[in-house]
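What follows is a single structure, written as structure tokens, with notes after it.
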There are 2 protein chains.
Amino acid sequence: MSDVAARAGVSHQTVSRVLNGHPHVSATTRTRVLAAIAELGYRRNLSARVLATGRSNVVGVVAQNTTLYGPSSMVQAIGEAALSADLSLTVGHVAGYDATAASRRIVERLVQQGAAGLVFIAPVDAAGEAMRLVPDGVPIVTVDGLPEWQCANVSVDQYTGGLLATRHLLAAGHRTVWHVAGPEQWHGSRAREDGWRAALAEAGAIAPPMARAGWSAASGYQCGRMLARIPDCTAIFAANDHVALGIMRALAEQGRRIPDDVSIIGFDDVPEAGYFHPALTTIRQEFADIGRQALRLLLDQLATGVKSAESALVEPVLISRDTVKTPERIPA
Amino acid sequence: MSDVAARAGVSHQTVSRVLNGHPHVSATTRTRVLAAIAELGYRRNLSARVLATGRSNVVGVVAQNTTLYGPSSMVQAIGEAALSADLSLTVGHVAGYDATAASRRIVERLVQQGAAGLVFIAPVDAAGEAMRLVPDGVPIVTVDGLPEWQCANVSVDQYTGGLLATRHLLAAGHRTVWHVAGPEQWHGSRAREDGWRAALAEAGAIAPPMARAGWSAASGYQCGRMLARIPDCTAIFAANDHVALGIMRALAEQGRRIPDDVSIIGFDDVPEAGYFHPALTTIRQEFADIGRQALRLLLDQLATGVKSAESALVEPVLISRDTVKTPERIPA
DNA sequence: GGCCGGATTGTGAACGCAAACATGCTTGCC
DNA sequence: GGCAAGCATGTTTGCGTTCACAATCCGGCC
């Protein structure tokens with residue numbers, strides 16, 4: 001920086017002012033400085049800046065398994081939102097939240113690097129523990145966190161999603177709906193299950209036993225092989241689209257036709273869901289919304305300096321395709 | 001840090017030594033310092049450290065579309081490899097490499113933050129331009145980059161992948177193989193196409209006209225609707241698994257049975273590919289390998305301080321399932 | 001004509017850390 | 001017994017930036 005200053009014939013402070021867009025710099029000086037910067041190929045040292053100011057406009061994201069469609073979409077959404085808010089993003093990948101040592105390292109890193117705030121993609125219980133490693137001064141927003149964490153949070157309304165899915169199947173004429181849930185450590189799984197139960201209850205339907213899968217097609221297939229042998233099972237609400245795919249395969253192997261014999265509905269609306277065989281009816285989550293909301297909550301905290309626990313809900317929407325019998329529209 | 005020093009009754013330098021694991025610190029002093037650190041909840045300021053040392057063990061990753069399975073798996077793989085090499089990772093998400101302003105911002109950020117090295121997930125031509133924004137001193141490794149960039153690179157051997165896929169279909173008795181390629185900006189698309197052509201040539205088969213899709217099931221479906229109407233088309237090599245899914249759907253709608261009427265093979269082996277209907281034969285890429293190799297190349301450069309152009313190839317493997325007729329094993 | 005205020009620039013210090021050098025102390029060896 | 005060699009620790013300096021303050025210059029006003 002002093003090189004630039006010397007070259008432009010000004011003091012280092014003036015260079016700093018130009019760099020930061022301070023008002024009281026004459027036009028001629030500014031152009032001289034900018035020219036010197038260009039000639040020398042100078043780029044300022046962000047570490048020194050952070051050190052001197054004590055703040056940064058870097059947002060840290062802690063994410064667990066970014067190969068899954070949900071988490072990766074969220075990270076992408078947050079990234080895009082951050083870009084338009086002129087914040088930059090650094091993503092820390094945690095192998096699994098249970099591996100506390102690893103997540104501690106990631107969080108420490110992010111904090112030590114001077115992240116202004118953190119977004120936790122925290123869809124599992126263990127994430128609560130990792131969150132506690134964050135020092136008090138740093139604002140946090142969780143995505144898919146729990147209310148009892150007392151933290152600003154944005155979630156998809158998974159409960160309503162479960163409700164929508166189950167009602168849709170009931171409206172198609174099924175007497176009850178079977179549910180293959182996701183891993184119980186995930187908050188979303190539990191909320192969808194609650195929605196499912198609530199929809200059954202309001203229709204006076206009896207809740208059949210619940211199966212539990214991971215998020216993979218493979219685990220869906222395992223569950224599906226059991227369900228396919230149960231003649232009463234004619235309507236299935238699957239944990240997500242890939243689980244639904246696995247179930248569909250198991251049903252097909254058992255000779256049960258979709259949707260004639262069995263109706264099935266997924267969750268997520270992955271891009272390829274409409275091309276499954278048959279095309280999967282599912283519940284879509286609006287990930288772009290999540291990104292925007294999460295960043296808005298974070299910026300609020302940064303601006304006010306107050307740690308809020310405000311939360312936002314993103315509404316899922318039903319995407320009706322071909323895996324549910326008699327696609328009568330459910331009343332809005 | 002001086003607080004800790006005062007508390008432990010030593011100088012700040014001794015605290016620094018403990019923190020960095022320097023040899024000449026007595027055991028008693030060390031424990032006293034560590035106790036003081038714990039009591040005060042002290043965490044060192046990484047910016048100051050980077051400023052003072054001039055180096056950091058942070059590697060930056062520049063990635064484009066991390067919602068796609070390929071890129072997201074690579075980032076994950078690199079992340080895991082970095083964790084075990086005790087490096088930390090910050091991922092910069094570029095919306096698209098063409099948006100030069102955006103990618104310039106990301107790269108600048110990463111460099112200014114003091115990244116010791118950069119990994120470019122650079123599967124498209126436009127990435128070459130973004131790479132040129134990186135100052136000379138910073139080592140780079142590309143993933144799926146081009147040889148003419150003169151840069152250390154690790155790629156999946158897409159050419160061999162195309163070769164394997166096409167040979168497999170020919171070995172199943174098909175007279176020729178049709179190819180639905182990915183976007184032409186992607187290097188992988190072109191390499192797979194080359195492999196396809198080479199395999200056809202070595203078998204004396206005539207190359208039919210080539211269709212071009214994106215990476216999505218939707219675009220595969222569009223291509224599939226045309227291919228399904230061509231009676232001669234009995235074997236298809238698809239750009240990736242999702243494209244294959246779209247094609248399969250179009251074929252099914254047209255009443256063409258898989259694999260009886262048409263054989264099809266995908267690329268990637270996404271986790272759910274085995275649960276498509278029917279289960280998809282495909283070419284798997286070993287992403288974990290990519291992560292390890294990329295990091296090894298980067299560490300080499302960091303250690304030697306020399307910008308190398310060494311490159312590594314990761315071999316794909318054929319995963320045989322149910323979408324190719326007469327699953328005779330091809331000779332190894 | 002002198003004084004005030006705003007615009008523009010410069011000066012010194014501080015941010016938190018590690019590196020280089022300096023110091024006192026212990027050990028081992030002839 | 002004395003000297004060299006190492007160990008354990010302290011002191012000083014500088015990394016590149018911003019901040020608080022000071023300084024200069026200019027025009028306008030009483």
Side-chain angles (χ1 to χ4, degrees), chain A residues 1-37 40-58 88 108-116 135 137-138, chain B residues 1-37 40-58 86 88 108-116 135 137-138 302:
Chain A
M1 185 148 129
S2 51
D3 293 350
V4 173
R7 173 125 192 169
V10 296
S11 77
H12 60 129
Q13 177 58 12
T14 303
V15 177
S16 171
R17 276 192 268 258
V18 170
L19 246 34
N20 293 315
H22 272 251
H24 301 311
V25 177
S26 74
T28 57
T29 317
R30 185 192 314 279
T31 52
R32 259 219 321 280
V33 170
L34 289 176
I37 288 175
L40 270 56
Y42 162 81
R43 37 192 91 209
R44 81 173 141 197
N45 182 320
L46 223 53
S47 297
R49 180 190 167 90
V50 170
L51 181 59
T53 58
R55 52 201 147 72
S56 74
N57 55 350
V58 176
S88 71
E108 287 276 304
R109 270 286 172 191
L110 257 23
V111 171
Q112 290 181 354
Q113 279 176 8
V138 182
Chain B
M1 185 146 130
S2 50
D3 293 350
V4 173
R7 174 122 190 171
V10 296
S11 77
H12 58 121
Q13 179 56 11
T14 301
V15 176
S16 171
R17 276 193 267 258
V18 170
L19 247 33
N20 294 313
H22 272 253
H24 301 312
V25 178
S26 73
T28 57
T29 315
R30 186 191 313 279
T31 52
R32 260 218 322 278
V33 170
L34 288 176
I37 287 175
L40 270 55
Y42 162 81
R43 39 191 93 209
R44 81 174 140 195
N45 182 322
L46 257 185
S47 298
R49 181 192 165 91
V50 171
L51 183 59
T53 57
R55 50 202 149 72
S56 73
N57 55 350
V58 176
D86 199 34
S88 73
E108 285 278 303
R109 270 286 171 192
L110 256 24
V111 172
Q112 290 182 355
Q113 279 175 8
V138 182
L302 286 175

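Residue numbers start from 1 in every chain, and the chains themselves are labelled A, B, ... in the order their sequence lines are given, proteins ahead of strands.
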Reading 5' to 3' through nucleotides 10-18 of chain C, protein heavy-atom contacts under 4.0 Å coded B for base, S for sugar-phosphate only, - for none: BBB--BBBB

Can you tell if the side chain of [X] reaches within under 4.5 Å of the side chain of [Y], non-hydrogen atoms only?
{"X": "Arg43(A)", "Y": "Glu108(B)", "answer": "yes"}
{"X": "Gln113(B)", "Y": "Val50(A)", "answer": "no"}
{"X": "Arg49(A)", "Y": "Asn20(A)", "answer": "yes"}
{"X": "Asn45(A)", "Y": "Met1(A)", "answer": "no"}
{"X": "Leu34(A)", "Y": "Arg30(A)", "answer": "yes"}
{"X": "Thr14(A)", "Y": "His22(A)", "answer": "no"}

Of all nucleotides in DNA chain D that come within under 4.0 Å of a heavy atom of chain B, which is furthest toward the 5' end and which toward the 3' end? dC7(D) to dG16(D)

Main chain of Ala27(B), side chain of Thr31(B): is a donor-acceptor contact present, judged purely on distance under 3.5 Å? yes

In chain order, what residues pass the side chain to side chain contact (heavy atoms under 4.5 Å, CB included) check against Pro23(A), with sequence neighbours excluded? none

Have a look at Val50(A) and say if it touches a base, only the backbone sugar-phosphate, or nothing, with a 4.0 Å heavy-atom cut-off. nothing

